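These notes concern the structure reproduced below.
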Amino acid sequence: MVNKLEGDVLDDYPDLPPFPTDIPIAPLPRISLGKLLQNDEAATEQLYTICKDLGFFYLYLNDSDAGKSLLNETQSLFSIQDEVFDRSLEDWKPYDFKERGTYLGYKAKGAAIVDYQGNVDRNESFAISKDDLLGTGERLPAPPTVDNHRDLLASFARDSHSVTMLILRILNDKLKLPEGTLQSFHKLESPSGDAIRFNRVPAQPIDDRRTSMGGHSDFGSVTVLFNRLGGLQILPPGTPARDDSKWLWVRPLPNHCIINLGDALVKFTNGLLRSNIHRVMAPPGDQGDLTRYSVIYFSKPLHGTLMKRLDGSDVIPPLSAEQIEEDISSQEWGKRRLLGPRLDLHQLKDMDWQKIRGTEKLSQRLKV
Ligand SMILES: O=C(O)CCC(=O)C(=O)O
Ligand SMILES: [Fe+2]
């Protein structure tokens with residue numbers, strides 16, 4: 001189900017158990033960063049099409065210097081993940097900033113609900129903001145392994161950010177927005193919620209493998225995701241989330257990252273672009289015996305940007321008469337989405353599942 005890209009072999013990661021072939025795999029297109037950088041017409045059109053449809057695609061990185069440096073940085077980040085997470089809950093305490101109302105820092109396993117029934121996640125994570133890394137925002141305390149690799153993290157942030165800017169520039173052109181509109185909400189030097197996140201899901205007992213991260217849409221603009229073990233699943237458009245048989249597995253591919261769009265682009269385009277619901281399950285087959293890591297760059301609109309339809313394009317559908325947009329900034333949106341499901345901040349009985357959701361309903365494209 002994975003389409004071919006010339007000159008590349010679709011291997012699994014050589015040091016990991018193979019990704020099973022007998023499970024339903026998501027048909028994500030593979031788009032080349034090299035071609036996008038050359039403004040290749042077929043590649044940019046394919047990008048626009050998939051952003052309106054699945055909102056998820058592979059980006060092939062091994063055919064440009066920019067892509068290769070991102071691959072090298074990612075390799076280095078994967079090699080320090082064990083050490084980053086090798087600390088007790090007690091040792092993590094100084095880096096848990098939830099009381100400050102931020103989603104940065106450490107989140108313990110089981111701290112968030114994954115569904116409306118109140119089941120909890122099996123994923124721990126540490127996030128650091130691009131502004132912290134680039135010196136344009138507050139420097140928060142971080143574990144020594146993170147502090148020792150700040151230059152590497154800053155390079156990864158810069159390189160990922162430039163990939164997201166390229167995608168935004170292409171989308172801006174295709175959407176026929178005034179030149180530079182989307183880019184103006186996503187500047188490297190200006191404060192935003194952009195962050196790098198490390199995720200770790202320890203191997204789960206064979207008789208008790210569950211959802212590690214519940215179905216969600218990302219809440220920013222463009223996500224650059226690197227994972228090596230399977231486990232990520234997406235829900236195709238038009239499918240109810242509760243139908244477990246419909247979710248499709250995303251096969252991790254060496255030399256690629258996975259790109260997906262977030263809520264901001266859905267809001268900006270009144271649902272024309274799609275932010276697909278996804279979740280993380282225990283890795284399939286023999287991969288399930290291993291600890292799963294991912295490294296992600298989340299790009300988000302600059303602080304203060306309103307999560308509303310943008311003016312200036314005839315391509316973006318107008319609001320219908322009954323559609324009333326909420327006045328909410330990207331920062332508030334992020335807090336509501338990420339801190340809302342946190343059991344270490346709220347009691348389950350006080351949580352309103354609908355309220356902490358993003359554009360899932362719109363993005364699901366369910367016929368009503
Ligand atoms: O680890 C993955 O493959 C995806 C994680 C994810 O969806 C997230 O952190 O938002
Ligand atoms: Fe996600």
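Start at 1 and go down the list; that is how both ligands and their atoms are numbered. This one's a predicted model, so the numbers in the text were calculated from it and none came from an experiment.
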Q: Quick one: name the residues clustered hydrophobically with Leu134, using the 4.5 Å side-chain heavy-atom rule over I, L, V, M, F, W, Y, and just say none if it's on its own.
A: Leu188

Q. When the ring planes of Phe85 and Tyr293 are compared, do they come out parallel, tilted or perpendicular, using 30° and 60° as the limits?
A. tilted

**Q.** Listed once per pair and sorted, the salt bridge (charged side-chain N to carboxylate O under 4.0 Å, His left out) pairs that draw on residues 134-146, sequence neighbours left out
**A.** Arg100-Glu138, Arg139-Asp147

**Q.** Sub-4.0 Å heavy-atom environment of ligand 1, residues by chain
**A.** Arg197, Asn199, Met213, His216, Asp218, Leu225, Asn227, Leu232, His278, Val280, Arg292, Ser294, Ile296, Phe298

(Q) Within the 3.5 Å criterion, strictly below it, is a donor on Glu325 or Asn270 matched to an acceptor on the partner's side chain? (A) no

Q. Relative to the Fe ion (ligand 2), how many protein N, O or S atoms have a separation of less than 2.8 Å?
A. 3

Q: State yes or no: are the ring centers of Tyr13 and Phe78 separated by less than 6.0 Å?
A: no

Q. Which atom names give the shortest non-hydrogen contact between Arg274 and Pro237, and what distance separates them?
A. NH2-CA, 3.3 Å

Q: Flag this pair as yes if the NZ/CZ of Lys187 is under 6.0 angstrom from the six-membered ring centre of Phe185 and inside a 45 degree cone about the axis; otherwise no.
A: no

Q.
Please confirm whether the ring centroid of Tyr106 lies under 6.0 Å from the ring centroid of Trp92.
A. yes

**Q.** Tyr297 ring center within less than 6.0 Å of Phe226 ring center
**A.** no

